[in-house]
Amino acid sequence: MSINKVRNIGIAAHIDAGKTTVTERILFFTGVNRVIGEVHDGRATMDFMQQEQERGITIASAAITCEWNGHKVNIIDTPGHVDFTIEVERSMRVLDGIIAVFCAVGGVEAQSETVWGQADRYHVPRLAFINKMDRAGADFYDVIAQLNDRLNAEAVPYQIPIGSGDTFSGVVDLIKMEAIYFRDNKITREAIPENLAAEALKWRNSMLEHLAEYNDEIAENYLEEKPISEAVIHEATRYCVQRSLITPAFCGAAYKNIGIQLILDAVTEYLPSPLDRGATIGIDMYKEDVTHKRNPSSSDPFAALAFKIIHDPYVGQQTFVRTYSGVLKVGDSILNATTNKKVRVSRIFRIHAKDRIEIPEVGPGDIVALIGLKDTHTGHTICAEDAPLRLESVRVPEPVISVKVNTETQKEHEKLIASLRKLSLEDPSFVVRYVERTNETVIAGMGELHLEIIVDRLKTEFGVIAQVGMPSVEYRETIIGECRNEYKYVKQTGGKGQYAHVIMLVEPNPGAGFEFKNAVTGGNIPNEFISAIQKGVLDAMEKGVMADFQTVDVKVTVLDGSYHAVDSSEMAFRTCGSMCFKEAFRKANPQLLEPVMNLEIATPDDYIGDIVGDLNRRRGKILNMRRYRKGSQKIQAEAPLMELFGYATAVRSLSSGRANYSMELKQYSPMPEKMQEKVLAEARERMENDH
């Protein structure tokens, strides 16, 4: 199939907006499925993990390919729960367009904003589908206003609903200016009902006015009240969508099979093909300031990005890739440009959720799974050996919560470690740490549900029964002062001794991570020992200085030092670097950072006072309150994660079960001094007990 007939799209939204139901209807109407799978009965094609079926939520992004109007559509259905935001992040990195699904009752919710921000970050064009128009309280026009007020979406209705709630029966197509009804999975087109004619004309004019800003022919004909052809409207819309100038809005009720065919038409008509997205730019492997262009063409050298890893019990590691240029055939040797290692492709699969179809080769602009790519992780670039480059990787969010895991026997523990390693390869937002001092394994992730799913998968997929500790917050250590420190590491134990001497400057590097600089002159410390000093500093940062929390946002400059021709070694300088850094860190006004969460609470008016009072007791700060629906409000707030354990139970009891909330990481912020003393005292006590 021609590359201009390919669409790589995602379905993304807040939890419970109906993404998976929309995807299941797309698979039904494109002929992939003969029967519609439902989320509530655990039979959704895209939610094939046991944990997804039990909970009725999407956890892992699933890929599938279908055809519509002579186009090949690769679809990725992404999770809506904030704990699995890495799945959305890595999907956004490789998609050419998305359908953003919104609930006609709930409107723009917390995770909708996160998803929209992720699409902004990767410049992904989008269409809006306002779902659940058949539910009581559905309000299409209010959701359009929210899209524009809260997301700056430039949302432009291309349809308006015929009725809402129980009376919702179809839509008015504002391009063809006709009513469309969906009966027995068939579409019938009729004249617009009289009571909607004026409303339809108003919104058609609004659509044309938006397009007229970017298309002279529409502007001219609109002002002169001349007819405007459908072809010109389609052309102008395609231009605007692909540059994210507008977001065409459609509506329907996926559960009742209303509106799906029309959003599919819009996908093939307006969202870009890989050709429309144009060339991708990569950085030279050896020169950071040199870039290379790869066109979506079979004649350019092969280049692709690995964006997802799955361990399959039958075929081993499946590496999902988005191809950007060139052709890859089974048996080809290619280069992992991130690790600078050659890999050989043993099989290529086109993925259909949990099923797969083997294919002999893949061209540019496609999404497939490759077998045989050892040591290839999320965000790695794979490319032709003779034309290496590195593509932009995937941004991985910081874990905020951790638990200790253990097993009853050593044999089980080895199995646990191997299983955790596989799971952390699949999910980069899931981190595994081994604490030597206490001989403990700690797992960290994006939230309590995230870690609960990991523990569940250990049991169901790997047969490992893990004993799990209580959740604890992932604090960070940093400094707000600077310190110049000198340290000599000298040991003489008969025979060859150990000698290292380092002078370093340690200073804050807020928001910029770790930075290491070598300012040694005159060969006072040979170059091979400089990298050992850096490793020593990283050792200390990983284990923490004040307690056992990871150190962040520090700049270290090695100023001077000395070495001994016989007694100096890499290990001596690594140890010296670690000790020198720890001393300097303690003198540089160290500070603990804590994760602060964004909260969005939807509550009936009757309970606002109780919920706000409870938030104040949790060191929360109210940022905004706005009308949600009649008789209820949405509270936007922020609060430290350490104060939010058990918050789900508190919200339920404060509101007699009628309020709900969502939260996600906002930032790491300095802790108040009293709280810091308390946390450090608890950490020291824990460390002493562990000894």
Side-chain angles (χ1 to χ4, degrees), residues 7 9 12-13 96-102 104 107-108 112-113 115-117 119-120 123-131 133 139-162 164 170-180 192 196-252 259 262-273 276-277:
R7 299 289 182 273
I9 69 159
D96 296 327
I98 62 165
I99 301 172
V101 181
F102 299 90
V108 174
S112 318
E113 296 187 54
V115 167
W116 203 265
D120 281 342
H123 309 291
V124 184
R126 58 217 89 154
L127 306 172
F129 182 69
I130 297 167
N131 189 30
M133 282 300 306
D139 191 334
F140 174 79
Y141 303 104
D142 184 48
V143 179
I144 294 292
Q146 288 182 44
L147 282 167
N148 291 326
D149 292 345
R150 297 184 64 184
L151 303 179
N152 297 319
E154 287 298 326
V156 179
Y158 272 55
Q159 300 169 346
I160 60 169
I162 300 172
S164 70
V171 301
V172 173
D173 181 338
L174 298 177
I175 297 179
K176 293 182 182 290
M177 285 302 277
E178 52 189 22
I180 302 175
I192 297 171
L196 277 177
E199 188 79 1
L201 186 60
K202 179 185 100 173
W203 286 104
R204 175 182 165 88
N205 287 340
S206 167
M207 175 186 74
L208 294 174
E209 284 164 13
H210 275 89
L211 295 176
E213 290 182 42
Y214 307 102
N215 184 288
D216 292 341
E217 187 179 340
I218 291 178
E220 227 170 86
N221 290 352
Y222 181 68
L223 288 171
E224 294 173 13
E225 297 186 0
K226 290 180 180 175
I228 298 164
S229 74
E230 287 178 30
V232 171
I233 293 173
H234 288 320
E235 184 189 327
T237 304
R238 192 177 306 116
Y239 175 90
C240 291
V241 169
Q242 293 179 11
R243 288 158 184 79
S244 297
L245 300 170
I246 66 166
T247 305
F250 302 84
C251 62
L262 303 186
I263 193 75
L264 272 168
D265 289 344
V267 164
T268 57
E269 192 70 61
Y270 305 135
L271 289 179
S273 71
D276 296 320
R277 292 285 270 173

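Here the structure is a predicted model, which is why all the values come from computation and not from measurement.
- Between the side chain of Q159 and the backbone N or O of F250, no donor-acceptor pair lies under 3.5 Å.
- The CZ atom of F129 lies 8.5 Å from the CD1 atom of I99; values are rounded to the nearest 0.5 Å.
- Sorted by first then second residue, the ring pair (Phe, Tyr, Trp, His ring centres under 6.0 Å) pairs that include residues 196-237, not counting sequence neighbours, are Y141-W203, H234-Y270.
- T237 meets the side chain to side chain donor-acceptor pair (under 3.5 Å) test with Y158; sequence neighbours excluded.
- In summary, the side chains of N205 and E209 do not present any donor paired with an acceptor at a separation below 3.5 Å, with no hydrogens or angles considered.
- When all heavy atoms of I162 and A179 are compared, the pair lying nearest together is CD1-CB, 3.8 Å.
- Residues that satisfy the side-chain contact (heavy atoms from CB on, under 4.5 Å) test with D120, not counting sequence neighbours, are W116, R126.
- Atom CD of Q242 sits about 8.0 Å away from atom CG of L271, to the nearest 0.5 Å.
- For the atom pair CD1 of I144 and OG of S206, the computed distance is 9.5 Å after rounding to the nearest 0.5 Å.
- P125 is listed as a side-chain neighbour of R277, based on a closest heavy-atom distance under 4.5 Å.
- Residues satisfying the salt bridge (Lys or Arg N to Asp or Glu O under 4.0 Å) test with R204, not counting sequence neighbours, are none.
- Residues satisfying the salt bridge (Lys or Arg N to Asp or Glu O under 4.0 Å) test with R243, not counting sequence neighbours, are none.
- Across every non-hydrogen atom of I98 and A119, the tightest pair is CD1-CB, 4.1 Å.
- Judged as a side chain to side chain donor-acceptor pair (under 3.5 Å), and not counting sequence neighbours, the contacts of S273 are D276.
- Partner L208 forms a side chain to side chain contact (heavy atoms under 4.5 Å, CB included) with one of V156, L174, I228 and no other, that one being I228.
- When every heavy atom of I263 is checked against every heavy atom of A128, the shortest pair comes out as CD1-O, 4.4 Å.
- E178 is linked by a salt bridge (Lys or Arg N to Asp or Glu O under 4.0 Å) to R189, counting only residues two or more places apart in sequence or in another chain.
- Listed by chain and number, the residues in a side chain to side chain donor-acceptor pair (under 3.5 Å) with D96 are N8, R322 (sequence neighbours excluded).
- With contacts defined as side-chain heavy-atom distances shorter than 4.5 Å, the pair M177/I192 qualifies.
- The side-chain contact (heavy atoms from CB on, under 4.5 Å) test applied to K202 returns E199, not counting sequence neighbours.
- Closest approach of L196 and P161 over heavy atoms only: CD1-O, 4.0 Å.
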L262 and D173: CA distance, side-chain angles, deciding distance, side chain to side chain contact (heavy atoms under 4.5 Å, CB included) verdict = CA-CA 9 Å; L262 303 186; D173 181 338; 5.8 Å; no
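- With sequence neighbours excluded, no residue forms a side-chain contact (heavy atoms from CB on, under 4.5 Å) with E225.
- Summarising the geometry, atom CG belonging to D139 is positioned 8.5 Å from atom CD belonging to Q146; distances are rounded to the nearest 0.5 Å.
- The two residues R7 and P272 make their nearest non-hydrogen contact at CD-O, 3.5 Å.
- Heavy-atom minimum distance, I175 versus E230: CG2-CG, 3.7 Å.
- Put simply, the side chain of N131 never gets that close to the backbone of F102: no donor and acceptor are under 3.5 Å apart.
- In this view, A236 and L211, N215, I218 satisfy the side-chain contact (heavy atoms from CB on, under 4.5 Å) rule, not counting sequence neighbours.
- The closest side-chain heavy-atom distance from T247 to L147 is not below 4.5 Å.
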